[in-house]
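For reference, the structure discussed in these notes is given below.
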Number of protein chains: 2
Amino acid sequence: MIVDVVRRFNLTYTQRIGVLDDSFLGTGRPLAASRLLFEVGNDEGASVRVLRDRLDLDSGHLSRLLRRLEAEGLVATAPDEDDRRRRVVRLTPAGRTAYDDLERRSEDRAASLVAPLTARQQERLAEALATADLLVRAATVRLREVASDDPVARVATQRYFDELDARLPGGFDTGGPDAPEPGATYVVAMSDGEPVAYGGIRPVLDDETAEIKRMWVHDDWRGAGLGARMLRHLEALAVDQGYRRAVLDTNGTLVEAIAMYERSGYRRIERYNDNPYAEAFFEKEL
Amino acid sequence: MIVDVVRRFNLTYTQRIGVLDDSFLGTGRPLAASRLLFEVGNDEGASVRVLRDRLDLDSGHLSRLLRRLEAEGLVATAPDEDDRRRRVVRLTPAGRTAYDDLERRSEDRAASLVAPLTARQQERLAEALATADLLVRAATVRLREVASDDPVARVATQRYFDELDARLPGGFDTGGPDAPEPGATYVVAMSDGEPVAYGGIRPVLDDETAEIKRMWVHDDWRGAGLGARMLRHLEALAVDQGYRRAVLDTNGTLVEAIAMYERSGYRRIERYNDNPYAEAFFEKEL
DNA sequence: CAGATCCTCTGACTAAAGTCAGAGAATGAT
DNA sequence: ATCATTCTCTGACTTTAGTCAGAGGATCTG
């Protein structure tokens, strides 16, 4: 059923909205060149390498497209001062104008698409598309294991601490830099190169028990089921590693987290550590 | 606001779902050939002309693609018996197999896209996409004036009569073929080559009054605001033609229609004709 | 500081997409 | 019957897209 809806929507989309991509046409530039210009404008000072990954282009192909935009006077490239093998690409003033033109075309397209709808219908459409957007993004998030000193893991951890600090009544003190945790496994969920959820497991109490640590979901991603998905993923990892029980602690102010643990089959237990910030303790047989 | 949501979704879509089109890749055939094969399979016996319009291809380009599919033994072309300038294209058994393969790939893609979501999330996504689908389709419907003896108008009229016949307690009798109606204007809303809504105006009573006639919306399109849009369109036409008042009659069983007229500012009036099927009468100052 | 690796670039292609003119058969209008 | 029109096709292109090998400079590793 859902598959049919997705496919039907896909068809509608490519036939009707897909024409939005045509906003990149009619500029006298090939599509790939416009896409590149758009990407450079979005991420001012991106290196050629980043653009290549982002647009999934062959290095020769991209290089030629850059020469073309350069010849048109829209972008300028210069060596990256941090690593002179890399080259950074920037828009020239003329390039900025061309970029703004693309933006305007894209906006006009979107506006003319919804113009025939009443205000009420536009609201319904916006709501439906926002929901679809969130869920599609959530569905295409990739979970991957990271070392706890991986730069991405550090970013996620910092955000986790920041949130605790903001939400706990007395603030939160990390107590200095991370000590290495033998046997711990951390997982990050990435979307568009940004961490959107994070969590890990580590041995605790006895060798059959894993502790779920540092569960965090990006603000913009609440309600998309990412937390539950991360939790399932961590539980599966724990089973793979031979654990038979998961425990976790959390602060009483994190009510959505507590509700999510309860929905996921966790039961409250007695305090099992001396974490001063923890107020609620849970376990689940795996 | 809505514009931003549309654009954001557009980006998500092209980056994530858009890869659905890749189901046409990896078949050893160029994309255009796969699309053509898909189209031929969807509309068995389509003429080259129809395919050209549908896929928006240059006639030379299409012709070469057809030769290619023919050489692979996937399609066969033969002159159209009705007009031997035209040629109709059909799938061969091998072509049917290749088509089914494309279908399967497309389904698999859609299934794997939603696989990471929970059942509840899949439901939400299906609902959101179905809503978006309906509204996007509604937004891209084109209204155009037609003569009442235009084939499309006949189809729409017939569906209108069929529905009356099915819904009125005693059935509905057209009372023979249409008499010509001097001064009448009919409008049809088309989507994918099919009429999805219909309606017209004609002079009645005095030369300041237009009567709204034969308002009909396709079953699948109820709730998309098409009826209201058609009504607004007809009112605007009436104003252009110098009318200052619109009236209409309808049967009491057509409750959604009555609700729609009331929402659109129509007030109940006394019977103004002797239409035996009419039970409710409305007017609106334009 | 030597060798491996990374990054971007050019050369030399092939494949796919798209364009335009016009030929030849079939059909419609008068 | 004639002429204009319609439909599909082929020929003869150009432009985009995409691939692969390797050159040459910059940086990292031991």
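Quick caveat, the model's predicted, so the values are computed rather than measured. Atom set for the values below is all heavy atoms of this structure, side chains included, hydrogens, waters and symmetry mates excluded. In what follows, chains are A, B, ... by sequence order, proteins preceding strands, each numbered from 1.
Salt bridge status for E107(A) with R104(A): absent, with no side-chain N to carboxylate O gap under 4.0 Å.
Among the atoms of the strands shown, base atoms are found under 4.0 Å from some heavy atom of R64(A).
E70(A) has its CD atom 13 Å from the P atom of dT8(C), to the nearest Å. Atom P of nucleotide dC13(C) and atom CG of D58(A) are separated by 17 Å, given to the nearest angstrom. Between the CG atom of L65(B) and the C1' atom of dC9(D) there is a distance of 13 Å, given to the nearest Å. Atom CG in D80(B) sits about 9 Å away from atom P in dT8(D), given to the nearest Å. Atoms CZ (R52(A)) and C1' (dA17(D)) sit 17 Å apart, rounded to a whole Å. Note: CG (D56(A)) to C1' (dA17(D)) measures 13 Å, nearest angstrom. In this entry the distance linking CG of L31(A) with C1' of dA16(C) reads 14 Å, nearest Å. If you take CG of L62(A) and C1' of dT19(D), they are 14 Å apart, rounded to a whole angstrom.
Close to dA17(D), at under 4.0 Å from its OP1 or OP2, lies no side-chain N or O of H61(A). Listed pair R49(A) / dC6(C) fails the phosphate criterion, with no side-chain N or O lying under 4.0 Å from OP1 or OP2. Here R86(A) does not reach the OP1 or OP2 of dA26(D): none of its side-chain N or O atoms lies under 4.0 Å away. The side chain of R68(A) places an N or O atom within less than 4.0 Å of a non-bridging phosphate oxygen (OP1 or OP2) of dT16(D). The shortest distance between the side-chain N/O atoms of S59(B) and the OP1/OP2 oxygens of dC7(D) is not below 4.0 Å. Taking 4.0 angstrom as the limit, R87(B) places a side-chain polar atom (N or O) nearer than this to OP1 or OP2 of dC9(D). Contact annotation: S63(B) side-chain N/O to dT10(D) OP1/OP2 distance is under 4.0 Å. Not one side-chain nitrogen or oxygen of R67(A) sits closer than 4.0 Å to the OP1 or OP2 atom of dT8(C).
The side chain of R85(A) has dT5(C) as its nearest neighbour among dT5(C), dT27(C), dT8(D). Out of dT27(C), dC9(C), dT27(D), the shortest distance to the side chain of L66(A) is found at dC9(C).
W216(A) has its side chain out of reach of T157(A): every pair of non-hydrogen atoms, C-beta onward, lies at least 4.5 Å apart.
The main-chain N or O of A46(B) is never found under 3.5 Å from a side-chain atom of D43(B) such that the two would form a donor-acceptor pair.
Side-chain contact of T185(A) with E145(A): a donor-acceptor pair under 3.5 Å is absent, judged by distance alone.
When each of D83(A) and A32(A) is assigned the nucleotide of DNA chain D bearing its nearest heavy atom, the one mapping closer to the 5' terminus is A32(A).
Interatomic distance, L129(B) CG to D4(A) CG, rounded to the nearest 0.5 Å: 12.5 Å.
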